[in-house]
Amino acid sequence: SYALKLNKDGIKRSNVLMWEIKKFYPKEFKIGLRSLDLIEEETGQRLDDDEAGSIALHLINAQINKSSTCAGDAAKLTQMVQDILNIVKYSFGIEIDENSLSYERFITHLRFFFQRISRGVQVDGKDEFLYDEITKQYGDSFRCALKVEEYLKSLYNRGLTKEERTYLTVHIERIR
């Protein structure tokens with residue numbers, strides 16, 4: 001109702017995360033666009049696509065944290081995903097194929113990873129052999145994972161477990 005009031009008053013709000021929302025959450029954004037159609041059918045007012053992005057953020061946030069209704073967590077997740085993708089791109093000097101299955105898996109991994117880290121819970125296995133083999137086999141991706149860990153330390157003031165580092169390394173290796 002607030003968006004409708006602003007629209008009626010001619011006030012436009014831009015969604016600074018639009019590009020990321022469209023890129024990382026196309027399904028949720030499509031639902032947001034369909035919601036705009038339904039709102040227009042009911043009220044006769046057409047809201048800007050930026051509002052579809054805001055609706056998508058609420059849907060994403062609901063997926064991340066069932067008890068939260070604000071878009072703050074979704075916005076943090078979106079920024080974190082973009083920052084981590086940039087770390088990977090710049091570490092290897094590559095463009096990432098955003099249509100690949102590896103990309104989709106990486107984004108999904110980051111979503112669940114964000115959920116765990118924001119709750120202060122991490123996967124902590126005792127598989128030293130797997131960790132050692134992954135770090136040897138995928139040394140460049142492991143070093144990139146360490147860069148991601150440094151970035152996350154700056155945000156959450158905590159490091160990753162060996163298990164989380166292992167998973168992250170495997171996903172980075174697949175995406176590159």
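If you read the sequence from its start, that first residue is 1, and numbering goes on from there.
Aromatic ring pairs are classed by plane angle as parallel below 30°, tilted from 30° to 60° and perpendicular above 60°; the pair F142 and Y131 is perpendicular.
Annotation for D50 and M18: closest pair OD1-CG, 3.1 Å, computed over non-hydrogen atoms. Closest non-hydrogen pair, F29 versus G53, comes out as CE1-N, 3.8 Å. Annotation for I55 and G32: closest pair CG2-CA, 3.9 Å, computed over non-hydrogen atoms. Closest of all the heavy-atom pairs between L110 and M80 is O-CE, 3.7 Å. Shown here for G159 and E149, the closest heavy-atom pair between the two residues is CA-OE2, 3.4 Å. Nearest heavy-atom pair, E164 versus L160, reported as atom, atom and distance to 0.1 Å: CB-CB, 4.1 Å.
Neither V170 nor V81 shares a network with the other; the hydrophobic side chains, linked directly or stepwise wherever heavy atoms of I, L, V, M, F, W or Y lie under 4.5 Å apart, form separate groups for each. In terms of hydrophobic clustering, with Ile, Leu, Val, Met, Phe, Trp and Tyr side chains grouped at heavy-atom distances under 4.5 Å, Y2 and I11 are assigned to a common cluster. If you chain together hydrophobic residues whose side chains sit under 4.5 Å apart, I87 and Y138 never meet in one group. By the rule that hydrophobic residues join a cluster once side-chain heavy atoms approach within less than 4.5 Å of another member, L77 and V148 end up as members of one cluster. Y151 and I107 fall within the same hydrophobic cluster, where Ile, Leu, Val, Met, Phe, Trp and Tyr residues are linked whenever their side-chain heavy atoms come under 4.5 Å apart, directly or through other members.
Within the 4.5 Å cutoff, no side-chain heavy atoms of F113 are placed close to those of L168. Side chains of L146 and E150 form no contact here, defined as non-hydrogen atoms less than 4.5 Å apart. Side-chain atoms of L57 and N15, non-hydrogen and from C-beta on, do get closer than 4.5 Å to each other. Side-chain contact between E173 and D140 is absent, with no heavy atoms from C-beta onward closer than 4.5 Å. The shortest distance between side-chain heavy atoms of I175 and L85 falls below 4.5 Å. Residues R46 and D37 have side chains in contact (heavy-atom distance under 4.5 Å, counting atoms from C-beta outward). Two residues are said to be in side-chain contact when any heavy atoms from C-beta on lie closer than 4.5 Å; T169 and T135 fail this criterion. Using a 4.5 Å cut-off on side-chain heavy atoms (C-beta onward), I94 and R176 make contact.
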Q: Apply side-chain contact (heavy atoms from CB on, under 4.5 Å) to R105 and L101, showing your working.
A: CA-CA 6 Å; R105 286 180 176 168; L101 182 58; 3.6 Å; yes
Q. Do F106 and I172 pass the side-chain contact (heavy atoms from CB on, under 4.5 Å) test, and can you show the C-alpha distance, the side-chain angles, and the key distance before you say yes or no?
A. CA-CA 8 Å; F106 189 57; I172 290 170; 4.0 Å; yes
Q: Determine, step by step, whether E104 and E98 satisfy the side-chain contact (heavy atoms from CB on, under 4.5 Å) criterion, reporting the C-alpha distance in whole Å, the side-chain angles of both residues, the deciding distance to 0.1 Å, and the verdict.
A: CA-CA 8 Å; E104 291 295 326; E98 297 172 3; over 6 Å; no
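Checked for salt-bridge contact, R13 and D48 miss the test: no charged N lies under 4.0 Å from a carboxylate O. For the pair K5 and D9, the salt-bridge criterion is met [side-chain N within less than 4.0 Å of a carboxylate O]. Using a 4.0 Å cut-off between charged nitrogen and carboxylate oxygen, R111 and E28 count as a salt-bridge pair.
Within 6.0 Å of the NZ atom in K30, the count of heavy atoms belonging to other residues, nucleotides or ligands does not exceed 12. Around atom OH of Y156, more than 12 heavy atoms belonging to other residues, nucleotides or ligands sit under 6.0 Å away. The number of heavy-atom neighbours closer than 6.0 Å to CD of E95, taken from other residues, nucleotides and ligands shown, is 12 or below. Counted within 6.0 Å of CG on N157, heavy atoms from surrounding residues, nucleotides or ligands total 12 or fewer; the atom is thus considered open.
In this structure, NZ on K147 lies 14.0 Å from CD1 on I84, to the nearest 0.5 angstrom. Note that OG of S54 is 10.0 Å distant from CG of L47, once rounded to the nearest 0.5 Å. Rounding to the nearest 0.5 angstrom, the gap separating the CG atom in L33 from the CD atom in E51 is 11.5 Å. The CG atom of L6 lies 10.0 Å from the CD atom of Q45; values are rounded to the nearest 0.5 Å.
In summary, of the residues considered (E163, R165, H171), a side chain to side chain donor-acceptor pair (under 3.5 Å) with Y167 occurs for E163 alone.
A donor atom on one side chain and an acceptor atom on the other are not found under 3.5 Å apart for Y103 and D97.
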